[in-house]
Amino acid sequence: MNFLSWGRNPWGQDILTHISWDLLWASLIAGLMFLVAHASYMVLSAHRKGKTAEVDALEATNKDLPERIPKHSFMARMFHWVMAASMFTLLFTAFLPIAGIRFAWVQWHWMAGLVLTGSIIFHIVHATFWLDFWSIWIGPRDIPEFRAEMLRELGHDVPGPKSGKYPLGNRLYHLAIVFAALAVVVTGVIMMNRIRTPLFDRNPYIMSDPSWGLTYVLHGLAGVGLVGLVIAHVYFAVRPDKWWITKGMIFGWVTKRQYLEHHDPTRWKVGGGSAGRL
Ligand code: HEM
């Protein structure tokens, strides 16, 4: 399998052009294999099922909580779905031509790229000043939760910290998507200098050939990485056991029971004040 693709400049020198598109198929197959492996494991393993009596008791001691627990504000949901639409447009416009389906993809691609860029800038400002910023990040304080999660997955009945607003898997996923999305956005905006747009004059001379090669390679690597990441995300979003999380992103709330079953009320505080921010 080739990792890089090379071309020739007008002076006959070898120049890096982009990644080898073999990597697209590798990422697609890795994503699909993960999906099959996880689905098989969930069917065959002894992973922990919800404990009805435990949640009943929690509900009895938390009678004052509302039936619907607000989770995602309207603006947070708008960002998520605008970002998802632009991400799918980018993936299809980039990779369908590589898979042999030819159409004028570049204009749709850069326009969707600017929508993604704008939505990410909005999200950074919104999450920094209006949301509970630290609730999505991971750190050493999450090691006990990670250990407990692993043991539960292996069928052990361990007490242990439940997650705050976001489960550990979601926080790890967010970290991966931050790196991949920032890489495609920064390189994509630079690459707009190589194409014709009504926004500004094309100028392919802002960088040397090797720098352009590296920019295209980074854009391609992050792009094929996003193929695998998006497959995994969609798979978890449609799994019946995770459907309650997806519904939360559509309607903005989870039920009191779901909140008590899956979250630690001391780590995700419901109500007013900065601790209860959406
Ligand atoms: C999900 C995110 C994205 C994916 C999967 C993706 C993928 C790709 C791929 C595979 C190419 C072809 C590169 C090559 O020939 O080596 C490309 C080109 C390009 N992308 Fe993206 N991209 C994404 C996001 C963006 C963003 C956010 C922007 C702009 C803000 C952007 C702007 C461009 C431009 C201008 C080109 C160059 C077209 C050319 O030189 O003909 N992309 N992208």
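The structure presented is a predicted model; accordingly, all values stated were derived computationally and were not measured. One-based numbering, in listed order, for ligands and for the atoms of each.
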Discussion item. I need the single residue from K71, H263, R171 that forms a side chain to side chain contact (heavy atoms under 4.5 Å, CB included) with K165. Which is it?
Written reply: K71
Worksheet item: Does R194 have a non-hydrogen atom less than 4.0 Å from ligand 1?
Response: no
Response to the item:
Heavy-atom proximity to atom 29 (C) of ligand 1 ranks first, among A181, G188, A112, for G188
Worksheet item: What protein heavy atom is closest to atom 25 (C) of ligand 1, reported as residue, atom name and distance in Å?
Response: H219 CE1, 3.4 Å
Item to complete: Using a strict cut-off of 4.0 Å, indicate which atoms of ligand 1 neighbour a heavy atom of V189.
Response: 29 (C), 30 (C)
Worksheet entry | Region of I19 engaging ligand 1 - heavy atom pairs below 4.0 Å | neither
Worksheet item: Atoms of ligand 1 less than 4.0 Å from T117 heavy atoms?
Response: 30 (C)
Practice prompt. State whether a side-chain donor-acceptor pair under 3.5 Å links T89 with S86.
Written response: no
Worksheet entry | Contact check, side chains of W6 and L4, non-hydrogen atoms, under 4.5 Å | yes
Worksheet entry | For L90, the ligand 1 atoms whose distance to one of its heavy atoms is below 4.0 Å | 1 (C), 2 (C), 3 (C), 23 (C), 24 (C), 25 (C)
Worksheet item: What class does the angle between the rings of H38 and Y41 fall in, given that below 30° is parallel, 30 to 60° is tilted and above 60° is perpendicular?
Response: tilted
Practice prompt. Could you tell me which non-hydrogen atom of F79 sits nearest to which non-hydrogen atom of F122, and how far apart they are?
Written response: CB-CE2, 4.0 Å
Item to complete: Pull out every atom of ligand 1 sitting under 4.0 Å from any heavy atom of A94, numbered as shown with elements.
Response: 7 (C), 8 (C), 9 (C), 10 (C)
Response to the item:
So the atoms of ligand 1 within less than 4.0 Å of a heavy atom of M87 turn out to be 1 (C)
Discussion item. Side-chain heavy atoms nearer than 4.5 Å, only ILVMFWY residues, links allowed to pass through others: does that put V224 and V186 together?
Written reply: no
Worksheet item: Which of the atoms of ligand 1 are close to L226, meaning less than 4.0 Å from one of its heavy atoms?
Response: 1 (C), 2 (C)
Worksheet entry | Pair W268 and Y259, ring centroids less than 6.0 Å apart | yes
Fill in: Heavy-atom closest pair, residues A222 and V184
CB-CG1, 3.7 Å
Worksheet item: When you measure from the side chain of R267 to the backbone N and O of K162, does any donor-acceptor pair fall under 3.5 Å?
Response: yes
Fill in: Heavy-atom proximity to atom 34 (C) of ligand 1, best of R196, H18, M191
M191
Worksheet item: To the nearest 0.1 Å, how far is atom 33 (C) of ligand 1 from its closest protein heavy atom, and which atom is that?
Response: H109 CD2, 3.4 Å
Discussion item. Strictly distance-based, threshold 3.5 Å: is any side-chain N or O of W212 a donor or acceptor partner for the main-chain N or O of P204?
Written reply: yes
Worksheet item: With atoms numbered from 1 as shown, which atoms in ligand 1 lie under 4.0 angstrom from a non-hydrogen atom of G113?
Response: 26 (C), 27 (C), 28 (C), 29 (C), 30 (C)
Worksheet item: Who's closest to atom 10 (C) of ligand 1 heavy-atom-wise, of F88, F95, Y216, W105?
Response: F95
Discussion item. I'd like to know whether ligand 1 has W21 as a neighbour, heavy-atom separation below 4.0 Å.
Written reply: yes
Discussion item. Within ligand 1, which atoms have a heavy atom of L91 less than 4.0 Å away?
Written reply: 5 (C)
Worksheet item: Considering only the protein, which heavy-atom contact is closest to atom 41 (O) of ligand 1, and what is its distance?
Response: I195 CG2, 3.9 Å
Worksheet item: Do we see a donor-acceptor contact under 3.5 Å between the side chains of Y166 and H174?
Response: no
